[in-house]
Amino acid sequence: MFTHTPLRLTTLATLAIGALAYAFVAGFFGLEILAEIAILAILVIALDLVAGFGGMLSLCHGALLGVGAYAFTVAAKDAGLSAFPAMVLAVALSAALAFVIGAVCARSIGIYFIMATLAFGQMAYSFVFQSPLFGGDDGLSGAPRPDLTAIGIDLTDSRAFAIYAIALVALTYLVAASTLRSGLGRSLVGLHHNEKRLRALGLTVWRAKATAFAISGALAGLAGCLAAQHTQYISPGLLSWTVSGEALVVVILGGLGTLAGPIVGAILFVVLKHEISAITPYWHAIVGLILIAVVMSRANGVFGYVEARMAARAAKPTLEKAKADA
Amino acid sequence: MTTDLGFWVLQTLNALQLSMLLFLLSVGLTVIFGLMHFVNPAHGSLYAFGAYMAASLAGVLGYWGGFFLVPLAVAALGAVLYFTLIRSQRRAGPMAQVLVTFGLIFVAVDATRLIWGDLPIGIAIPAMFEGQLPLLGVEYPIYRLFIIALGLVVLAALTLVLTRTQIGAMIRAGVDNDQMAACLGINVERMFFLVFVVGCALAGLAGAVAAPVLSVTPDMGLQILIPTLIVIVIGGLGSLKGAVAGSLIFGFVQTFGAVLLPTLNSVLIYALLAAVLVIRPEGLLPAKG
Amino acid sequence: MLETRALNKSFGAIHVTKGVSLRLEKGERRVILGPNGAGKTTLFNQLVGELTPNSGSIHLDGADITALRVADRARLGLSRSYQKNTLFDGLTIGENLGLSAAVALGKGQGLWRDPLQSAEVRETVKEVAAQVDLAPLLAMPVNAVSYGIRRQLEVGIALSTRPKFILMDEPTSGVGPEMSKGFHRLLKALPRDLTVLIIEHDMDLAFDVADTITVLNYGEVVFDGLPGAARDSQLLKDIYLGAWEDA
């Protein structure tokens, strides 16, 4: 069950303070990286919610992000909505799509679930790629950033935008954490461990899975809106399954089912990408080798490893105490 | 044009050619899954390696040198992978195996870029298969007919091995129930190794025969991965018949979709996959009853 | 009241449930006996909806529930425990009971409150933990406790739904004689208005807790009556010879 251990709270507080502090001192390039990390962090929190806690390894989160990005851009640019209503619309669309995918795939488990989500993701990708409405291969440009000048914030400034992006990561984390502590979140973890028993206890399994998937999809859609606002250009590549695959790698690197871990993973991934690609064009190979090393070490990612070490230290006295009590 | 017999013959042959290529790739993947319960995403990378090696060898030994050496070389690569990564992850479960091989894809793509560069490489069709053959009123490239024939030969050979030989019976028993197979005294570990390596060799062979008709690029392994996975999931994981059925379905839907329903084409196959997963979550012809 | 009428189930050519008609009154404690392969667990699976009978019907308090799905039947107050532990591994004992109670109380889809903190769920967990003797162990992770404790939790999860009917599939399977006695006490202390159906191998337990006994053999009801009559039945002795001697 999801809990906020002192380690997790400390990590989150450190990350939040660190990110904000960095946002105030960083130059243009640093702020761009910060925004990039924020977008990836939102996506991987969304993915960890269903994959890490619910055991639903999804390969359509890239598509859900892309649908959010496209919906936002079209709503804001072509339908003339202002940025916030357009965001709400885009997030709702991603959530609705995710609900349908979650409901349809609820019966599939393991590799079949992965393949089913892949199929739906690729359907969305192909649709966007081929439809003339969305600019096809050329993509769309001109997604606006929200106008906050009324409260004295100019989001066209990259510092303000980075801070706004960090705020959205915080919002995402709060949504994910409160979902995990709700009845649905408790059921989700239970489903991961024993679906049959929960059904026997009276849970409507498909609905729980679909709702959890919808919340995760909404967050992925939010990441899409932010991505569209960040680069102000979107292409069908956002919906590709490789985006989902990469997000899964980040979740694994950070620590599946820890929520804080994937954020650490996102930071490591984006920083490594920029650091390594400055030295060699073969940064994917390095990421691949790191992934192999992490999996072979049997650790649950970087954060999971630290957590397991701390837990091992703390667990011994508790077990002894419980035995004495019994 | 759709009333013209030649059109149908041509597209049917195109579909068959694509199907056979996919069959060579998917059969190894699906039997490995049946036995070892893990899907190897790096299978496509082995295919890409096969294509690159064939391209390199063509310059030295000619096409046929590559045709016979590449499967052996890729099988050797598979053996190395098996002993360094796959076997040690067996106890860690299928998820760890998938992730490790997923990492391998990243490494493989960059390794091919490092060795062979980013530019597409072309390779010539062997002299004996150059040209076209008149067939039911259409002229069809002989080399593509060769691919179809090769697929059928491999299918026949695998069917014979699986149904008529002792090792085939062991593999079928292992797919049915691996614990039972182990109880019967079958050396499961050796069987896994054998099947894995033969699967890799077939992936290499697919790469070598595909090289002259496709351009050889670093991402060709990634591009073929999804169609291959779709084939084995539609067909039913773990079964030879499923791989055949899945390959044919994919080949025909893709080929005829492209010419008959060009606007829907790319969505079509995914819609079909989704439909199969919803209606028959285990695929059309699953290995286990 | 739980009732089956002429229930039939076959797997291919094998007829596992043959015209089973049972009727349990409210508060009745019935034990189902029968040798391995008599179709006891298959009968349970049909009662809770994990299997669909080929013919016949199942009634709960007069309503036909044959077509209802597992979760729907559970919400009507039908609960079961499994012969093979079916727990939430990786969670603590308290979380196992809390999650089960939360789901049974219809809080399993809620988005706002943490059901584990709700008074209703905590109260249920406390009571059930007392019923199955797990109160001091609530904080223990399930995969760190002994088999016997896991067995108690198996029944505890079924009880945490506050059922009207509880079906227990060999609750003492695999536990030692000492622990079995503990189970007797635990079962006898269950509230009297709870209708209990137990599959049991252990004769002692059967005669100790049962109001009535049903014996299945090759999928058929071959005895239905009071424990005293069962004890004297020649038919039962024939079917159960091996087990009789053990007991």
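Convention: sequence-line order gives letters A, B, ...; per-chain numbering from 1.
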Check your understanding: More than 12 heavy atoms of other residues, nucleotides or ligands under 6.0 Å from CZ of A:Phe127: is that the case?
Key -> no
Check your understanding: For chain B, which of A:Phe120, A:Phe129, A:Trp241 has the most heavy-atom pairs under 4.5 Å?
Key -> A:Trp241
Review point. Using non-hydrogen atoms only, which part of A:Tyr282 is less than 4.5 Å away from chain B: side chain, backbone, both, or neither?
Key: both
Review point. Would you call B:Val39 and B:Leu229 a side-chain contact if the rule is heavy atoms closer than 4.5 Å?
Key: yes
**Study point:** Heavy-atom pairs under 4.5 Å with chain B, option from A:Leu118, A:Val294, A:Leu291, A:Leu248 with the top count
**Key:** A:Leu291
Check your understanding: So does B:Arg113 have more than 12 non-hydrogen atoms from other groups sitting under 6.0 Å from CZ?
Key -> yes
**Study point:** Which portion of A:Trp283 sits near chain B, non-hydrogen atoms under 4.5 angstrom
**Key:** backbone
Practice item. Using non-hydrogen atoms and a 4.5 Å limit, figure out which bit of A:Ile252 sits close to chain B: side chain, backbone, both or neither. Key: side chain
Check your understanding: Under a 4.5 Å cut-off applied to non-hydrogen side-chain atoms, are A:Val287 and A:Phe269 in contact?
Key -> yes
**Study point:** Most contacts with chain A, counted as non-hydrogen pairs under 4.5 angstrom, among B:Ile226, B:Val278, B:Val233
**Key:** B:Ile226
Check your understanding: Checking heavy atoms, do the side chain of B:Val109, its backbone, both or neither come under 4.5 Å from chain A?
Key -> neither
Point to revise | chain A contact via B:Leu225 - side chain, backbone, both or neither, heavy atoms under 4.5 Å | key: side chain
Practice item. Measure the shortest side-chain to side-chain distance between B:Leu240 and B:Phe23 over non-hydrogen atoms and say whether it is less than 4.5 angstrom. Key: yes
Point to revise | Pairing of A:Lys273 and A:Glu246 as salt bridge, 4.0 angstrom limit | key: no
Review point. So, do B:Leu158 and B:Leu202 sit near enough that their side-chain heavy atoms are less than 4.5 Å apart?
Key: yes
Exercise for review: With a 4.5 Å cut-off on heavy-atom pairs, point out which of B:Leu268, B:Leu114, B:Leu273 contacts chain A the most.
Suggested key: B:Leu114
Study note, to complete from the structure: Okay, B:Phe33 and chain A: the region with an atom under 4.5 Å from a heavy atom over there is side chain
**Study point:** Distance-minimising heavy-atom pair for A:Gly139 and A:Tyr70
**Key:** CA-OH, 3.9 Å
Check your understanding: In terms of side-chain heavy atoms, does B:His43 have a donor or acceptor partner in B:Thr228 at a distance below 3.5 Å?
Key -> no
Practice item. Pick one of side chain, backbone, both or neither for B:Thr101, based on which atoms fall under 4.5 Å of a heavy atom in chain A. Key: neither
**Study point:** Under 4.5 Å from a heavy atom of chain B, the part of A:Gln122 involved
**Key:** both
Check your understanding: Of the backbone (N, CA, C, O) and the side chain (C-beta and beyond), which part of A:Ile290 lies under 4.5 Å from a heavy atom of chain B, both, or neither?
Key -> neither
